[in-house]
Amino acid sequence: HVQLVESGGGSVQVGGSLRLSCAASGYRISDYCMGWFRQAPGKEREGVAAVSYAGTSTLVADSVKGRFTISRGRAKNTAYLQMNSLKPEDAAMYYCAAHFGCVSYRLSLRSESYADWGQGTQVTVS
């Protein structure tokens, strides 16, 4: 049973930090990229960051560049999103997703590239 489970969301003040985690399980394919997306009410889903399987390549959206960092866990089945200097516009449901067949030099922030999705974790900034 393939599963992606996010955690770490919550409520934080403007300027604060949160670290989101995503744990993947049940995958037979070991080589996949992972990404973080977010969606606020009434807005389209937005790609936030992506990381290669080895964790050596990352891609971060301009809207969060310099504030958010994506990383891969040592076990490779986990991904993290460190969010600093949070702004009210960062408030959203955050989802992690798996991208199979990706290449490290061509990471994607497009939803269509990702086959599996977690249920999301809510981030509130006030």
Item checked: Donor-acceptor contact below 3.5 Å, side chain Asn77 vs main chain Ala24 -> yes
Check: How many angstroms lie between CZ in Arg72 and OG1 in Thr58, if you round to the nearest 0.5 Å?
Finding: 12.5 Å
Check: Would Val103 and Ile70 show up in the same hydrophobic cluster when neighbours are defined by side-chain heavy atoms closer than 4.5 Å?
Finding: no
Notebook entry, point to check: Is the number of heavy atoms from other residues, nucleotides or ligands within 6.0 Å of CD (Gln13) greater than 12?
Noted result: no
Check: Which heavy-atom pair separates Ala40 from Ala92 by the least distance, and what is that distance?
Finding: N-CB, 3.8 Å
Checklist line | Pairwise distance CD(Gln3) to SG(Cys22) - rounded to 0.5 angstrom | finding: 10.0 Å
Note to self: With heavy-atom distances below 4.5 Å as the criterion, would you say the side chains of Thr121 and Ser7 are in contact?
What the structure shows: no
Item checked: Set of salt bridge (charged side-chain N to carboxylate O under 4.0 Å, His left out) partners for Arg106, sequence neighbours left out -> none
Checklist line | Pairing residues for Glu44 by the salt bridge (charged side-chain N to carboxylate O under 4.0 Å, His left out) criterion, not counting sequence neighbours | finding: none
Next item on the list: Spell out, as yes or no, whether a donor-acceptor pair under 3.5 Å connects the side chain of Ser52 to the backbone of Ser57.
Entry: yes
Check: According to a 4.5 Å side-chain heavy-atom criterion applied to Ile, Leu, Val, Met, Phe, Trp and Tyr, with indirect links allowed, do Val5 and Tyr94 form part of one hydrophobic cluster?
Finding: no
Note to self: I want to check something: taking the side chain as every heavy atom from C-beta on, are Trp36 and Met83 in contact at a cut-off of under 4.5 Å?
What the structure shows: no
Note to self: Quick check: closest heavy atoms across Ala54 and Lys76, and the distance to 0.1 Å?
What the structure shows: O-NZ, 3.1 Å
Notebook entry, point to check: Considering only heavy atoms from C-beta outward, does the side chain of Cys33 approach that of Leu107 to under 4.5 Å?
Noted result: yes
Next item on the list: Flag this pair as yes if the NZ/CZ of Arg74 is under 6.0 angstrom from the six-membered ring centre of Tyr80 and inside a 45 degree cone about the axis; otherwise no.
Entry: no
Next item on the list: With sequence neighbours excluded, tell me which residues meet side-chain hydrogen bond (donor to acceptor under 3.5 Å, both in side chains) with Gln82.
Entry: Asn84
Checklist line | Pairs involving residues 50-61, ordered by first then second residue, that meet salt bridge (Lys or Arg N to Asp or Glu O under 4.0 Å) (sequence neighbours left out) | finding: none
Note to self: With a 4.5 Å cut-off on side-chain heavy-atom distances among I, L, V, M, F, W and Y, is there a chain of contacts connecting Val51 to Leu59?
What the structure shows: no
Item checked: Taking every non-hydrogen atom, the tightest pair across Glu112 and Arg110 -> OE1-NH2, 2.8 Å
Next item on the list: Check the hydrophobic clustering (I, L, V, M, F, W, Y; side-chain heavy atoms under 4.5 Å; chains of links allowed) and say if Tyr32 and Trp117 are grouped together.
Entry: no
Next item on the list: Could you list the residues that satisfy ring pair (Phe, Tyr, Trp, His ring centres under 6.0 Å) with Tyr114, not counting sequence neighbours?
Entry: Phe37, His99
Next item on the list: Might you confirm whether atom CD of Glu89 has over 12 heavy atoms from other residues, nucleotides or ligands at distances under 6.0 Å?
Entry: yes
Check: Side chains of Tyr95 and Leu4: does their closest heavy-atom pair fall under 4.5 Å?
Finding: no
Note to self: With a 4.5 Å cut-off on side-chain heavy-atom distances among I, L, V, M, F, W and Y, is there a chain of contacts connecting Leu109 to Leu81?
What the structure shows: no
Note to self: Tell me if a side-chain donor or acceptor on Glu6 pairs with a main-chain N or O of Gly120 at a distance below 3.5 Å.
What the structure shows: yes
Next item on the list: Determine the minimum heavy-atom distance between Ala91 and Val125, stating which atoms define it.
Entry: CB-N, 3.9 Å
Side-chain donor-acceptor distances from residues 61-68 under 3.5 Å, at least two apart:
from: Asp62; atom 1: OD1; to: Lys65; atom 2: NZ; distance (Å): 3.1
from: Ser63; atom 1: OG; to: Glu46; atom 2: OE2; distance (Å): 2.8
from: Arg67; atom 1: NH1; to: Ser85; atom 2: O; distance (Å): 3.0
from: Arg67; atom 1: NH1; to: Asp90; atom 2: OD2; distance (Å): 2.7
from: Arg67; atom 1: NH2; to: Ser63; atom 2: O; distance (Å): 3.2
from: Arg67; atom 1: NH2; to: Asp90; atom 2: OD1; distance (Å): 3.0
from: Arg67; atom 1: NH2; to: Asp90; atom 2: OD2; distance (Å): 3.4

